[in-house]
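Working notes, beginning with the structure itself.
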There are 2 protein chains.
Amino acid sequence: MSNTEVLPLLEPEAPQAVAPCCPPLTERPLSAEEAERTARMFKALADPVRLRLFSAVASYAGGEACVCDISDVGVSQPTVSHHLKKLREAGLLTSERRGTWVYYRVDPAVLAAMGRLLSTDSAA
Amino acid sequence: MSNTEVLPLLEPEAPQAVAPCCPPLTERPLSAEEAERTARMFKALADPVRLRLFSAVASYAGGEACVCDISDVGVSQPTVSHHLKKLREAGLLTSERRGTWVYYRVDPAVLAAMGRLLSTDSAA
DNA sequence: TGTCTATGTTGACGATTGTCGAATCAAATG
DNA sequence: CATTTGATTCGACAATCGTCAACATAGACA
């Protein structure tokens, strides 16, 4: 019960910054390690339900959305929670509890980093 | 045995053009069908080996590469072929046999389409 | 305290995926 | 032809993934 707010817990979920990760896929062959890190990001968006959840949060007014606002994607509530966790672990979303509800918002830096991976021009 | 080359077979591999597919993820919530199609593209790049193969082809001089040039990614040759097929089916790569070797090249339109999905500005 | 609502976690299940060895196909060359 | 080399297909296997029902947790409120 005593919710001691002492320890910062140095990253409870290993958001593993993906932003300054890897060069555009067209620049040079990815190394094994780079490919591993990059695949982790794409994997997070390689599911229809996660894409809908992510898109719902990303396009929501104010840049954030409560779970209750976006959980209408045709799967059970535990499944929604499971997918949101995966998006969090991939560093694509962050969550914050405010009172009754939990709000999710996108990390623009990570989104931009992924966009750069697929860019054809060299406008890094 | 009689390899009759009569039927064009109208798309042997369903390249399913992904280019004019879906709006940026931040624009509006994706529909179920849009999410399904988009996920298919991300899934193609959601594997380290496929990422390395794709990156190797995309960055190769001349825009195309023979399988023999890129198959040094730490897995067996059948596995390489398997992943290249997946990339082909996703519409990300095209292949062409010229004599002894098979050459792969990227489809820039598809790559650009994926980039747009992750764009934050509205410069469609 | 107790109850209600909103999310998250656990455990289990079937489905999909990545991998390889063996067999097969395709082109070149002897 | 037969052989060699490059590439794909087939068949099987372990590992991962998406899903749900059941349970647990966190606030709000009476």
Side-chain angles (χ1 to χ4, degrees), chain A residues 1-5 9 12-13 32 35-36 38-54 56-57 64-90 93-105, chain B residues 1-5 9 12-13 32 35-36 38-54 56-57 64-90 93-105:
Chain A
M1 284 27 171
S2 66
N3 196 348
T4 65
E5 49 198 64
L9 269 178
E13 225 163 45
E36 206 74 49
T38 306
R40 225 172 292 141
M41 300 165 46
F42 281 109
K43 216 169 286 192
L45 292 180
D47 177 271
V49 173
R50 282 197 293 274
L51 272 174
R52 295 190 70 186
L53 289 172
F54 181 85
V57 172
E64 72 174 11
C66 155
V67 175
C68 57
D69 289 326
I70 60 174
S71 54
D72 191 19
V73 287
V75 295
S76 72
Q77 186 269 327
T79 301
V80 168
S81 192
H82 166 72
H83 285 302
L84 286 174
K85 181 179 187 177
K86 287 226 164 184
L87 288 169
R88 246 165 34 219
E89 288 173 344
L93 293 181
T94 60
S95 67
E96 179 196 0
R97 166 159 233 139
R98 288 207 298 277
T100 304
W101 294 284
V102 176
Y103 293 87
Y104 280 78
R105 59 172 56 240
Chain B
M1 285 49 170
S2 65
N3 196 347
T4 64
E5 49 197 65
L9 269 178
E13 225 164 47
E36 207 75 49
T38 306
R40 227 172 290 143
M41 302 166 43
F42 281 109
K43 217 170 286 191
L45 292 180
D47 178 90
V49 174
R50 283 199 292 276
L51 272 174
R52 294 189 72 186
L53 290 172
F54 181 84
V57 172
E64 72 174 10
C66 155
V67 176
C68 56
D69 290 325
I70 60 174
S71 53
D72 191 19
V73 288
V75 295
S76 72
Q77 206 267 335
T79 301
V80 168
S81 194
H82 166 72
H83 284 303
L84 286 174
K85 181 178 187 177
K86 287 225 167 186
L87 288 169
R88 246 164 35 221
E89 290 173 343
L93 293 180
T94 60
S95 67
E96 179 196 359
R97 167 161 232 139
R98 286 203 301 276
T100 304
W101 295 285
V102 176
Y103 293 87
Y104 280 78
R105 62 169 56 241

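In the text below, chain A, chain B and the rest are named by the order of the sequence lines, each starting its count at 1.
If you take CG on B/Asp69 and CD on B/Glu64, they are separated by 10.0 Å, rounding to the nearest 0.5 Å. Going from atom CG of B/Leu45 over to atom CG of A/Leu45 covers 11.5 Å, rounded to the nearest 0.5 Å. Distance CG/B/Leu53 to CG/B/Leu84: 5.0 Å, rounded to 0.5 Å. Atoms NE2 and NZ, from B/His83 and B/Lys86 in turn, are 8.0 Å apart once rounded to the nearest 0.5 Å. Taken from SG in B/Cys68 to CD in B/Gln77, the straight-line distance is 10.0 Å, to the nearest 0.5 Å.
Contact check, B/Lys43 against C/dT16: no side-chain N or O comes under 4.0 Å of OP1 or OP2. The phosphate of D/dT8 has neither OP1 nor OP2 within less than 4.0 Å of any side-chain N or O from B/Lys85. Neither OP1 nor OP2 of C/dT7 sits under 4.0 Å from any side-chain N or O of A/Tyr103. Considering only side-chain N and O atoms, B/His83 lies nowhere under 4.0 angstrom from the phosphate OP1 or OP2 of C/dT17. Residue B/Thr79 has no polar side-chain atom (N or O) positioned under 4.0 Å from OP1 or OP2 of C/dT19.
Separating the CZ atom of B/Arg40 from the P atom of C/dT16 is a distance of 14 Å, rounded to the nearest angstrom. Taking atom CD of residue A/Glu36 and atom P of nucleotide C/dG18, one finds them 12 Å apart after rounding to whole Å. Taking atom CD of A/Glu89 as the reference point, atom P of D/dC17 lies 11 Å away to the nearest angstrom. Atom NE2 in A/His82 sits about 13 Å away from atom P in C/dG8, given to the nearest Å. What separates CG of A/Leu84 from C1' of C/dG8 is a distance of 10 Å, to the nearest Å.
Using a 4.0 Å cutoff on non-hydrogen atoms, no part of residues 44-53 of chain A comes near DNA chain C. Contacts of residues 68-75 of chain A with DNA chain D (heavy atom under 4.0 Å): A/Val75.
Interface remark: the B/Gln77 side chain does not form any donor-acceptor pair with the D/dG6 base, using a distance-only criterion of under 3.5 Å.
Shown here are the side chain to side chain donor-acceptor pair (under 3.5 Å) partners of B/Thr79, two or more places apart in sequence or in another chain: B/Ser76. Partners of B/Ser95 under the side chain to side chain donor-acceptor pair (under 3.5 Å) rule, at least two apart in sequence or in another chain, do not exist in this structure.
Checked by atom type and distance alone, the side chain of A/Arg97 pairs as donor or acceptor with a backbone atom of A/Gly99 at under 3.5 Å. In this structure, B/Arg50 contributes its side chain and B/Ala44 its backbone to a donor-acceptor pair below 3.5 Å.
Of all nucleotides listed (D/dT8, D/dA7, D/dA22), D/dT8 comes nearest to the side chain of B/Arg88.
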*Assess whether side-chain contact (heavy atoms from CB on, under 4.5 Å) is satisfied between A/Val67 and A/Trp101, documenting all intermediate values.*
CA-CA 7 Å; A/Val67 175; A/Trp101 294 284; over 6 Å; no
Dump the pairs, protein N or O against N or O of nucleotides 27-30 of chain C, anything under 3.5 Å, distances to one decimal.
none

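Considering every non-hydrogen atom in both B/Pro48 and A/Glu36, the closest pair reads CG-OE2, 3.4 Å.
Side-chain contact between B/Leu51 and A/Phe42 is present, with at least one heavy-atom pair separated by less than 4.5 Å.
Between its two ends, the helix from C/dT1-D/dA30 to C/dG30-D/dC1 turns its axis by 10°, counting five pairs per end and rounding to 10 degrees.
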